There are 2 protein chains.
Amino acid sequence: MRRTKEDAAKTREEVLIAAAAVFYENGISGSSLEKIAQRAGVTRGAIYWHFKDKAEVLTALHSEIRLPQEAIVDHALEHGHDDPLGLIEQASIEVVHILANDEQQQRVFAIMILGCEFTEDPSETAQRIITANAEMYEKLQKLIDMADQQGKLASGWTIDTAARAFQCSMNGLFAEWLRSGKSFAVVDVGEKLVRSLIGSMRRS
Amino acid sequence: MRRTKEDAAKTREEVLIAAAAVFYENGISGSSLEKIAQRAGVTRGAIYWHFKDKAEVLTALHSEIRLPQEAIVDHALEHGHDDPLGLIEQASIEVVHILANDEQQQRVFAIMILGCEFTEDPSETAQRIITANAEMYEKLQKLIDMADQQGKLASGWTIDTAARAFQCSMNGLFAEWLRSGKSFAVVDVGEKLVRSLIGSMRRS
DNA sequence: ATATTTACAATCATTCATGTATGTTTGTAT
DNA sequence: ATACAAACATACATGAATGATTGTAAATAT
């Protein structure tokens, strides 16, 4: 049994992969570190060596998922964009495609949204997700504000309602898709939904 | 200490109320029957007398929540309707208003959607919710099919994508609202979202 | 070559929730 | 008045998960 640096990094990775699978199957609270260890082919000792506790495993999992679309949006926010609504539309559809094809991201996403309990005083994990969501909302809001200042937001919509409505729909789309066991074509529904919503937000 | 039939029914009710509060605060897996008993001012013995286990408490809670809108939709499905999309719109907005004002329903809803883990083999509770969701979807689908057969569904939408998109948006709306701690005006966002979606589904 | 970490495995003590079994009081039927 | 059942409380037995401690082989530093 060798224990080189690379070996350690490898077992750490294997623990994370096993954790993703076990969390995905049993939910967070239904997953013991023992189960994860068994799946990874190690003992709990190994897990406790690399991570402080279950929460830290989840943190590590969550930090692995970074949507490339964030970069695009951030760029637009810094440099401005002549069609912010179009950017939202394009970026969102991109995200749908990415998520539809990346199983690992689906798993992590499912764990965070479906396999996690949101309570009055949220767990570390839940708090992390809430924060990420809030950040996403702010970006959306700023982009829509940009569109509004360009006179491109349809009357009837306020900046806040538009941002909220859009965010709710997107999160709902992914949540429902994963909850239903991917029983419908997210890409089709997602594209139609995005285009329809953004369409109704465009001043004609 | 009297133990008449009415007393028993009363403690049963108090247990359910306490359960709603505790589940809401700590999530389902984070709530022990001991905590619920303490909150209700009884011992676990009392709970085990009225309910088989935790799952049965949840079942009782879930069966308490019946949206009156279901009746309207069912009626339309049986007797037909000359404006199915309008019916969906109206009924949905009604539901938004009801949920926005009924704290108990919000709590139960929050418990079921946010305080419950959806896993590969779902718990009784999760399964119940999935089933309820599927039933809702079927109704939506039939109503939209009705609209389609009347030539009132806009091109670009299929019956399935339309039903899915709508359901995702609505569920997302409530989930986000509750998850965010009711930090925005559901009624405003909901009305705008519903009208916008239904609007885009109407053949002009 | 030896000392010291590293990277785990193995064991143990403790907590906590559950389910069950039993005890106790009160209402109710006869 | 008595017997029985309803409506709980109390006590216990069990199992699962956690966190901490200890042991140890191999890798690395000196």
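Source: prediction; values computed, not measured. Any value given below was found using the heavy atoms of this structure, including those in side chains, with hydrogens, waters and symmetry copies removed. Each chain gets a letter, A, B and so on, in the order the sequences are listed, and its residues count up from 1.
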message: I'd like to check the side-chain hydrogen bond (donor to acceptor under 3.5 Å, both in side chains) partners of Y24(B); sequence neighbours left out, ordered by chain and number.
response: none
May I have the list of side-chain donor-acceptor pairs in residues 185-195 of chain B shorter than 3.5 Å, sequence neighbours left out?
residue, atom, partner, partner atom, Å
E191(B), OE1, R195(B), NH2, 3.4
E191(B), OE2, H97(B), NE2, 3.4
R195(B), NH1, E89(B), OE2, 3.2

task: Using side-chain hydrogen bond (donor to acceptor under 3.5 Å, both in side chains) as the criterion, list what pairs up with S123(B), not counting sequence neighbours.
output: none
When the side chains of residues 41-50 of chain A are checked against the rest of the protein, which donor-acceptor pairs come out under 3.5 Å, sequence neighbours left out?
residue, atom, partner, partner atom, Å
T43(A), OG1, G45(A), N, 3.3
H50(A), NE2, T11(A), OG1, 3.4

task: For DNA chain C, find the residues of residues 12-19 of chain B with a heavy-atom distance under 4.0 Å and give them by number; none if there aren't any.
output: none
- prompt: Between Y48(A) and dA20(D), does any side-chain N or O lie under 4.0 Å from OP1 or OP2?
  reply: no
- request: Could you identify which residues of residues 24-47 of chain A place a heavy atom less than 4.0 Å from some atom of DNA chain D, listed by residue number, or say none?
  value: S32(A), L33(A), R44(A)
- request: Mind checking side-chain contact (heavy atoms from CB on, under 4.5 Å) for Q127(B) and listing every partner two or more places apart, or none if nothing turns up?
  value: P122(B), I130(B), T131(B)
task: May I ask you to check if R164(B) and Y137(B) form a cation-pi contact, with NZ or CZ under 6.0 angstrom from the six-membered ring centre and within 45° of the axis?
output: yes
- request: Give the rounded distance in Å between these two atoms: NE2 of H50(A) and P of dT6(C).
  value: 12 Å
- request: Give the rounded distance in Å between these two atoms: NZ of K54(B) and C1' of dT20(C).
  value: 18 Å
Would you be so kind as to tabulate the donor-acceptor pairs closer than 3.5 Å made by side chains of residues 53-61 of chain B, with sequence neighbours excluded?
residue, atom, partner, partner atom, Å
D53(B), OD1, A55(B), N, 3.4
D53(B), OD1, E56(B), N, 3.2
K54(B), NZ, I28(B), O, 3.0
K54(B), NZ, S31(B), O, 2.9
E56(B), OE1, K52(B), N, 3.1
T59(B), OG1, A55(B), O, 2.9

task: List for me each residue that meets side-chain hydrogen bond (donor to acceptor under 3.5 Å, both in side chains) alongside K35(B), sequence neighbours excluded, and say none if there are none.
output: none
message: So, does T11(B) get its side chain near the phosphate of dC8(D), meaning an N or O under 4.0 Å from OP1 or OP2?
response: yes
query: Between W49(A) (CH2) and dT24(D) (C1'), how many Å, whole number?
result: 13 Å
